[in-house]
**Student:** 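There's a structure below that I have some questions on.
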Amino acid sequence: MAKSDKPEGFVTEITPRSQDFSRWYLDVVRRAELADYSPVKGCMVIRPYGYAIWELIQQAFDKRFKATGHQNAYFPLFIPESLLTKEAEHVEGFAPQVAYVTHGGGEQLEEKLVVRPTSEAIFGTMYAKWIQSWRDLPILLNQWANVVRWEKVTRPFLRTTEFLWQEGHTAHETAEEGEAETRKILALYKEAVETELAMPVVTGQKSDSEKFAGALRTYSIEALMGDGRALQAGTSHNLGQNFAKAFDITFQARDKSVQHVWGTSWGVSTRLVGGVIMIHGDDSGLVVPPRIAPYQVVIVPIPRGNWQETVLPKAHEIQQQLIDAGVRVMLDDRDAYTPGWKFSEWELRGVPLRLEIGPKDIEKASVLLARRDTREKLPVPMEGLPGAIRALLEDIQQTLLARAVAFRDDRTQRTSNYEEFGQMMEGRPGFVVAPWCGSAACEAQIKADTQATIRNMPLDAEAPGGVCVRCDQPAQAEAWFAKSY
RNA sequence: CGGGAUGUAGCGCAGCCUGGCUAGCGCACCUGACUGGGGGUCAGGGGGUCGCAGGUUCAAAUCCUGUCAUCCCGACCA
């Protein structure tokens with residue numbers, strides 16, 4: 001047994017994080033019943049508990065999209081092959097990962113259909129029909145959908161053949177508006193992920209080699225996971241006029257000229273669920289931030305004597321009070337399990353607060369609350385309980401964010417010395433910030449030497465000065481490097 | 001897609017090298033009783049085409065061939 005931070009006497013079936021992070025991750029996914037493997041290669045079943053987390057993430061983002069003037073729509077799963085191939089870089093980028101439908105209704109199709117790997121092509125095609133005038137702009141649409149990419153190596157939530165996401169696709173009158181939208185969404189992503197998932201992210205621009213196939217520029221949010229590797233948690237692309245030209249999306253402008261629209265696209269996926277697991281989880285399992293926790297509080301009644309007549313009614317009463325206060329609560333009144341078993345089980349599932357109530361508590365008119373994040377146990381009076389719980393949940397949310405920020409900062413180093421760069425990547429994995437000349441050759445060589453890639457380059461960073469960490473050319477940007485998922 | 005490993009009950013494994021009675025163990029599951037504030041105890045019980053398909057053999061979980069899946073390490077990606 002490797003060291004773990006679990007209290008003595010704990011039995012779980014989870015590999016300790018320090019022993020094998022990857023195994024730990026898979027154990028948590030399975031034991032917390034977030035997802036399971038399906039008979040289809042690379043495809044997972046998202047189980048109810050995992051899906052509930054995804055639904056809460058969806059709601060959090062959806063609310064923000066709508067508040068910024070976006071509308072939801074639904075576009076088809078199938079795209080004629082000829083449409084995908086219209087934008088040259090786009091095809092080249094996605095062709096190797098595409099699944100085709102070649103037969104339908106017992107006959108071979110005249111034109112193969114692509115199962116969408118992303119929907120720029122179909123949105124572009126429809127936008128060409130819908131847009132005539134500058135008065136039709138901007139178009140701000142989003143869809144919640146599944147997409148398919150034939151990945152060679154898959155892992156639940158982080159990379160699966162089919163995955164769920166949202167993809168926003170917008171069209172604008174000017175280049176400035178397109179860029180403004182791209183950055184607005186980037187900021188929205190950062191705010192949503194930090195507020196709701198307690199996942200601090202670094203925002204910035206991708207290097208050319210990492211940008212979206214067909215985009216002018218790609219921005220991303222990058223988070224640091226518990227093992228020091230970075231996860232791309234969301235991307236926002238400025239498509240320029242590339243797709244507008246490929247799909248002939250034109251409008252007549254205020255000055256009567258005919259112009260191509262300026263496009264953007266952006267997405268976050270079920271990968272975020274994987275990020276939540278890897279950023280907050282510990283050796284006892286999952287830790288779910290309260291704002292996206294399917295159950296924020298689990299009530300465990302202590303069965304003693306005639307508890308069914310004494311403890312249980314009180315537990316129901318508290319449950320109802322919490323529901324009325326807008327708290328997501330579950331009362332675990334199963335008789336087949338002991339309290340101790342339930343404690344472990346709900347910790348494994350990451351429920352932020354456990355509420356124990358037994359005969360002793362009823363005598364004292366209080367309950368015992370246990371925090372998942374700090375493991376503190378605190379007696380709290382029944383009087384005013386919902387308010388106290390809401391405050392605690394908020395505190396847990398903030399604590400998780402602060403902890404993740406501290407971890408990220410602790411694992412972020414700076415250097416302009418290449419040897420040191422290599423040692424940093426070897427020693428304690430994390431972000432290494434270093435000046436970069438902007439050449440793809442240097443970027444590739446750094447990756448070959450250290451496995452680290454440029455995650456992104458912060459937007460408002462001052463020009464770094466000096467020379468590239470690897471060559472002698474003047475530095476063009478301050479790049480955030482890390483090994484990534 | 002290259003390199004490595006593994007598929008035996010829901011999970012974790014033994015058995016395979018050296019073929020041979022009815023395929024085992026721990027946990028989980030079911031029934032009952034006693035229990036219950038950090039994964040309880042006792043008693044009884046259910047669950048397997050040994051990943052799949054061929055082959056060798058009187059006989060295959062075991063040997064051979066193929067295939068599929070999963071995991072790990074690389075090259076590609078939300």
**Student:** Using the ring-ring contact (aromatic ring centres under 6.0 Å, His included) criterion, which residues pair with A/Phe431? Sequence neighbours excluded.
**Tutor:** A/Trp480
**Student:** Can you find a side chain N or O atom of A/Tyr337 that sits less than 4.0 Å from OP1 or OP2 on B/C29?
**Tutor:** yes
**Student:** Check whether any side-chain N or O of A/Arg149 sits under 4.0 Å from OP1 or OP2 of B/C76, and answer yes or no.
**Tutor:**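 Checking A/Arg149 against B/C76: no side-chain N or O falls below 4.0 Å of OP1 or OP2.
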**Student:** When the C1' atoms of B/C21 and B/G7 are compared, how many Å lie between them, rounded to an integer?
**Tutor:** 27 Å
**Student:** Between A/His169 and A/Tyr127, does the ring centroid distance fall short of 6.0 Å?
**Tutor:**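 Centroid separation for A/His169 and A/Tyr127: 6.0 Å or greater.
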**Student:** Phosphate oxygens OP1/OP2 of B/G40: is one of them under 4.0 Å from a side-chain N or O of A/Lys342?
**Tutor:**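 No, no such contact exists.
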**Student:** May I have the distance from A/Asp332 (atom CG) to B/G36 (atom C1'), rounded to whole angstrom?
**Tutor:** 13 Å
**Student:** On the nucleotide B/C76, are OP1 or OP2 found under 4.0 Å from the side-chain N or O atoms that A/Gln97 carries?
**Tutor:** no
**Student:** Please state the P separation for the pair B/C71 and B/G26 - nearest whole angstrom.
**Tutor:**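 Those two atoms are separated by 29 Å.
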**Student:** What distance, rounded to whole Å, do you find between the two C1' atoms, one in B/C13 and one in B/U6?
**Tutor:** 12 Å
**Student:** By nearest heavy atom, map A/Trp307 and A/Asp20 onto RNA chain B; which one lands nearer the 5' end?
**Tutor:** A/Trp307
**Student:** Expressed in whole Å, how much space separates the C1' atoms belonging to B/C34 and B/C25?
**Tutor:** 27 Å
**Student:** Identify, between A/Glu210 and A/Ile357, the residue whose nearest nucleotide on RNA chain B lies closer to the 5' end.
**Tutor:**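 It is A/Ile357 whose nearest nucleotide is closer to the 5' end.
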**Student:** Is there a donor-acceptor pair closer than 3.5 Å between any side-chain N or O of A/Ser220 and the backbone N or O of A/Glu222?
**Tutor:** no
**Student:** Heavy-atom distance under 4.5 Å between the side chains of A/Asp449 and A/Phe421, does that happen here?
**Tutor:**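 No; the side chains remain at least 4.5 Å from each other.
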**Student:** Which value, in whole Å, describes the distance between the C1' atoms of nucleotides B/G19 and B/A5?
**Tutor:** 25 Å
**Student:** Hey, does the side-chain of A/Asp335 have a donor or acceptor N/O within less than 3.5 Å of a partner on the base of B/G36?
**Tutor:** yes
**Student:** Hey, is A/Trp165 doing a stacking thing with B/A78, by the 5.5 Å centroid and 30° angle criteria?
**Tutor:** no
**Student:** Look at the side-chain N and O atoms of A/Ser22 and state whether any lies under 4.0 Å from the OP1 or OP2 oxygen of B/C72.
**Tutor:**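 The answer is yes; a side-chain N or O of A/Ser22 sits under 4.0 Å from OP1 or OP2.
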